Amino acid sequence: MHRIKGIMARELAGHLPVSQTVLEDWLEIPPDSAMGDLALPCFRLAKELRQSPQAIARDIVSRIASSDLLQGAEAIGPYVNMRLRRDYACSLWLQAIEQDDAFFSSGNGAGQTVAIDLSSPNIAKPFGVGHLRSTIIGTAIANLLESDGFTTLRINHIGDWGTQFGKIIVAYHRYGDPERVRANPIQELNSLYVRFHEEEKTSPELEAQGRAAFKRLEDGQPDETALWQWIVDVSLADFNRTYDLLGTKFTAVLGESFYNDKMAAVVDELSAKGLLMLSEGAEVVSLEQVDLPPCLIRKSDGATLYATRDLAAALYRHKVLGADRLTYVVGGEQRLHFKQLFAVLERMGYEFATQCSHVAFGMMTIGGKKMSTRKGHIVRLQDVLDEAISRARSIIAQKSPDLTNAEEVAKAIGVGAVIFNDLKTNRLHDIEFAMDQAVAFDGETGPYVQYTHARACSVLRKAGLLAPGESNPTSVATWSEVLANEWTDKTRGVASGEESLNNKALDDVSTSKAFDDATLDDVSWELAKQVSQFSGVRQRASAEADPSLIAKQVLDICQAFNRFYHDCPILTSEGSTRTLRLALTDATRLTIRASLQLLGIGHPAQL
RNA sequence: GUCUCAGUAGCUCAGUCGGAUAGAGCAACAGCCUUCUAAGCUGUGGGUCGGGGGUUCGAAUCCCUCCUGAGACGCCA
């Protein structure tokens, strides 16, 4: 309902003792489109007007009966149900889409920089489907923020430091085979780690050995450092293959080890600000005043902890990288940690602490259990992607044997299926991983959306508006001009500015034969309305850091388009009907395209 | 034990800043390809919105309580 809601609210505000903004908030879309396009429930007006909601509704209907915006309004009980002038709304929307008149983007975040912490896998461990969530949710949120004008810093905070590296080093020395590790680094290193943990149960002295090895690494002993560096390198090389496939891009890849030399300064600063206190031999920052447990800064043996490291990282992002806001896309199990982290920043006197947020998400489980790298109880993302791509490949071979870039498309579809499956459900609850569901192509899936996009491209291609293999980022024809020519210039004048709304111009439009209900039949109109919702949904998705809103909206758009495609012949229709249907097809294509881009999914022009 | 999050159709989930008859997809069954891509479209069946109280014109939505599941709760990250 791009802009229309606001215009209608302004008109209603002229008749009621309520502001335009409030009315815009009250206006809703009726549950059944047979009831109308917009509805105003009148319950909340009853008190102030001292009338029954039903009477108020009847009164409002009589006042707006002659509205330029409406073809009709009726009171059904306490609701005012309004039927929009389809020609007016549709022209407005098509023009907005063509000119990106705040339809696909905004400037809300202009001049601001936000750092997004995403993905953050652990070195020497497999990149599981659990890490997928952070990577793709984080990417989608970054895309959304960019569409709002923010500058984004996408930061991959790699887990490359900690006592477990001592264990891996010991394990490598005990049973590692350099050749085998080189051939298959992650899997081999992880199985060494798993084996170490099993042996640790019967040989407790191993733990001390691990700690000692990590101490040598911290002290910069050349042997341990070289081995660690090698492990980091081979792991990153492996992760990068997955990132390439997913299309994930980072502004910076900064491991935990990057902050080793920045820890002392943090401790000093805390100390200088008088925030550190001794407790049970450790140094902590008390957070009693905000009702949180204390934040551990330094262990009793003097070593720092991950909270210290995260503080160093937060300050680095703010001071050095220039981030005004920090967003952490990390699993919900770390809620408390981030609350503490932000609270400490606040106590340190940093105003940007209020601009920090933790975007939490549920765990990915298998058989109802948490995935565990230690037990080797994990699904490798690479395996899931491979499976999805291979299924896509065989469907393409069967349905589109002539496709020239079949392999490229298979990748886009397979990866798109996996990403969309995760993004459409961005709730906090845990996700039970099921291969068949993750790589499904039917129903509410990524491939369904991609298929619909390709269908729209195909129509436009056959109309001579798109070149083979292409899906242009902008309108492929200047629809508003075409429409204006066919629907008289007055339509255009009205559509381009709500200020120019007046009865005369609209009367002229309504007498124009080029545009009537037969042209904008129910199915076409339903599609137009769904497409028009995109701008509002995009805004909300960005503000709430919730990509699933985009996924759900694009599914509704696809469903409306596929019905339209089925019921309304496009290429074989004539005159203004054909023009309008092509315009709707192009608007749909652009909106699906933008949605897929925001979600970080490919949009092939042909499947 | 304390705190946080979740509980909606057989399955996976929307709807949760209170609004009209609680919606999709999958699975099942029945239809639709001489016509723009059938990865599609149409239809049928399927519900104590975890239980119980309360708040009001109105509750899946807000409050209280109980049940169930998951997670967090100081020297791991």
Side-chain angles (χ1 to χ4, degrees), chain A residues 25-26 28 30-32 35 39 41-44 46-47 52-53 76-79 81 120 122 157 159 161-164 256 279-284 291-301 303-307 309-310 330-337 339-340 360 362-363 365 368-370 392 395-396 398-400 413 417 421 424-425 427-432 434 436-437 440-452 454-463 548-549 551-552 555-556 558-559 561-573 581-582 585 606-607:
Chain A
D25 192 49
W26 285 0
E28 56 187 48
D32 182 350
M35 296 172 174
C42 300
F43 305 100
R44 277 169 283 205
K47 268 178 206 158
S52 73
I76 298 183
Y79 289 89
N81 286 350
S120 309
N122 294 318
H157 190 67
W161 204 251
T163 42
Q164 76 270 23
E256 294 174 355
S279 166
E280 298 170 36
E283 289 181 82
V284 310
D291 212 23
L292 287 174
C295 181
L296 278 269
I297 298 298
R298 204 137 67 149
K299 298 199 268 188
S300 35
D301 65 2
T304 54
L305 287 127
Y306 75 123
R309 199 168 295 273
D310 273 357
V330 179
E333 64 274 13
Q334 292 198 39
R335 266 200 186 85
L336 179 59
H337 169 244
K339 275 188 188 168
Q340 291 178 303
M363 284 188 312
T365 58
K369 288 178 189 163
K370 184 179 179 174
I395 291 178
I396 290 169
Q398 178 197 330
K399 306 203 178 203
S400 315
I413 291 176
N421 177 249
K424 78 176 175 195
T425 305
R427 294 280 305 186
L428 293 164
H429 45 50
D430 302 342
I431 289 188
E432 167 70 14
D436 280 341
Q437 199 191 322
F441 292 173
D442 297 331
E444 299 175 326
T445 65
Y448 171 71
V449 177
Q450 291 168 314
Y451 174 78
T452 309
R455 256 186 161 179
C457 288
S458 173
V459 172
L460 295 166
R461 205 159 45 234
K462 291 200 166 143
S548 73
L549 298 176
K552 282 164 210 149
L555 282 172
D556 285 342
C558 288
Q559 199 176 40
F561 178 78
N562 281 319
R563 195 168 297 152
F564 164 80
Y565 180 91
H566 184 265
D567 291 357
C568 308
I570 303 164
L571 296 172
T572 54
S573 58
R581 288 181 179 172
L582 281 170
T585 302
Q606 217 167 332
L607 301 191

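A, B, ... follow the sequence lines: proteins, then strands. Residue 1 opens every chain. From a predicted model like this one, the values you see are computed outputs, not experimental measurements.
Which of B:A20, B:C75, B:C36 sits closest to the side chain of A:I76 comes down to B:A20. Across B:C36, B:A20, B:A70, the shortest atom-to-atom separation from the side chain of A:N81 is found for B:A20.
For the P atoms, the distance linking B:G10 with B:G51 amounts to 14 Å, nearest Å. Separation of the P atoms belonging to B:G47 and B:U8 is 15 Å when rounded to the nearest angstrom. Distance noted for atom P between B:U44 and B:U65: 44 Å (whole Å). The separation of B:G54 from B:A59, taken at their C1' atoms, amounts to 11 Å, rounded to a whole angstrom. A gap of 16 Å separates the P atoms of B:C49 and B:C62, to the nearest Å. B:C66 and B:A9 are spaced 25 Å apart, taking the P atom of each and rounding to whole Å.
Checked against side chain to side chain contact (heavy atoms under 4.5 Å, CB included), A:H566 has no partners two or more places apart in sequence or in another chain. Residues meeting the salt bridge (charged side-chain N to carboxylate O under 4.0 Å, His left out) test with A:D436, sequence neighbours left out: A:R391. With sequence neighbours excluded, the residues that form a side chain to side chain contact (heavy atoms under 4.5 Å, CB included) with A:D567 are A:V523, A:R563. When the side chain to side chain donor-acceptor pair (under 3.5 Å) test is applied to A:D32, no partner is found at least two apart in sequence or on another chain. With sequence neighbours excluded, no residue satisfies side chain to side chain donor-acceptor pair (under 3.5 Å) with A:Y565. Residues passing the side chain to side chain donor-acceptor pair (under 3.5 Å) test with A:D556: none are found, sequence neighbours excluded. Under the side chain to side chain contact (heavy atoms under 4.5 Å, CB included) criterion, A:E283 pairs with A:L276, A:L278, A:R298, sequence neighbours left out. With sequence neighbours excluded, the residues satisfying side chain to side chain contact (heavy atoms under 4.5 Å, CB included) with A:A392 are A:A410, A:I413, A:F441.
At the phosphate of B:U35, neither OP1 nor OP2 sits under 4.0 Å from any side-chain N or O atom of A:T572. Residue A:K299 has a polar side-chain atom (N or O) positioned under 4.0 Å from OP1 or OP2 of B:C76.
A straight line from CG of A:D291 to P of B:C3 spans 11 Å, rounded to a whole angstrom. Following rounding to the nearest Å, A:L296 (CG) and B:A77 (P) show an atom-to-atom distance of 10 Å. If you take CH2 of A:W161 and C1' of B:C76, they are 16 Å apart, rounded to a whole angstrom. Rounded to whole Å, the distance from CG on A:L292 to P on B:A72 is 17 Å. In this structure, NE2 of A:H157 is placed 9 Å from C1' of B:A77, rounded to the nearest angstrom. Spacing between atom CD of A:Q340 and atom P of B:A77 amounts to 14 Å, rounded to whole angstrom units. One atom, CG of A:L549, and another, C1' of B:A24, lie 16 Å apart when rounded to the nearest Å. Between the CD atom of A:Q164 and the P atom of B:C76 there is a distance of 12 Å, given to the nearest Å.
The distance from the CG atom of A:L582 to the OG atom of A:S573 is 7.0 Å, given to the nearest 0.5 Å. Between the CE atom of A:M363 and the CD atom of A:E432 there is a distance of 10.5 Å, given to the nearest 0.5 Å. With rounding to the nearest 0.5 angstrom, the CG atom of A:L305 is 8.5 Å from the SG atom of A:C295.
A donor-acceptor pair under 3.5 Å is absent between the side-chain atoms of A:K339 and the main chain of A:L292, judged by distance alone. Using a distance-only test at 3.5 Å, with no hydrogens or angles considered, no donor-acceptor pair links the side chain of A:R581 to the main chain of A:C568. Formation of a donor-acceptor pair under 3.5 Å by the A:T452 side chain with backbone atoms of A:Y448 is found in this model.
Using a 4.0 Å heavy-atom cutoff across all strands shown, A:P78 reaches no nucleic acid atom at all. Among the heavy atoms of the strands, none lies under 4.0 Å from A:L555. At the heavy-atom level, A:S400 lies nowhere under 4.0 Å from the strands shown. In this structure, A:L571 reaches the bases: a heavy-atom distance under 4.0 Å links it to at least one base atom across the strands shown. Counting non-hydrogen atoms under 4.0 angstrom, A:L305 reaches the backbone sugars and phosphates but no base. Within the 4.0 angstrom heavy-atom criterion, no nucleotide atom of any strand lies near A:P41. Using a 4.0 Å heavy-atom distance criterion, A:A39 is classed as a base contact. At the heavy-atom level, A:I297 lies nowhere under 4.0 Å from the strands shown. Residue contacts for A:P31: at a heavy-atom cut-off of 4.0 Å it reaches a base atom on one of the strands shown. Residue contacts shown for A:E256 are limited to sugar-phosphate atoms, with no base heavy atom under 4.0 Å away.
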So which protein nitrogen or oxygen atoms get under 3.5 Å of nucleotides 40-46 of chain B's nitrogens or oxygens?
unit_1	atom_1	unit_2	atom_2	d
B:G40	OP1	A:G443	N	3.2
B:G40	O2'	A:R455	NH1	2.8
B:C41	OP1	A:Y448	OH	2.8
B:C41	O2'	A:H566	ND1	3.3
B:U42	OP1	A:R563	NE	2.3
B:U42	OP1	A:R563	NH2	2.8

Using nucleotides 57-63 of chain B, report all nitrogen or oxygen pairs with the protein that are shorter than 3.5 Å.
none

Please write out each protein N/O paired with an N/O of nucleotides 4-12 of chain B under 3.5 Å, distance rounded to 0.1 Å.
unit_1	atom_1	unit_2	atom_2	d
B:U12	O2'	A:Q437	NE2	2.9

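Considering only heavy atoms from C-beta on, A:I570 stays 4.5 Å or farther from A:K462 through its side chain.
For RNA chain B, each stem of at least three Watson-Crick or G-U pairs (distances under 3.5 Å) is given as range with range: B:1-7 with B:67-73, B:10-13 with B:23-26, B:28-32 with B:40-44, B:50-54 with B:62-66.
Applying the 90° criterion around 0 to the glycosidic angle, B:C33 comes out syn.
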Derivation of the side-chain contact (heavy atoms from CB on, under 4.5 Å) call for A:V330 and A:H337: CA-CA 11 Å; A:V330 179; A:H337 169 244; over 6 Å; no
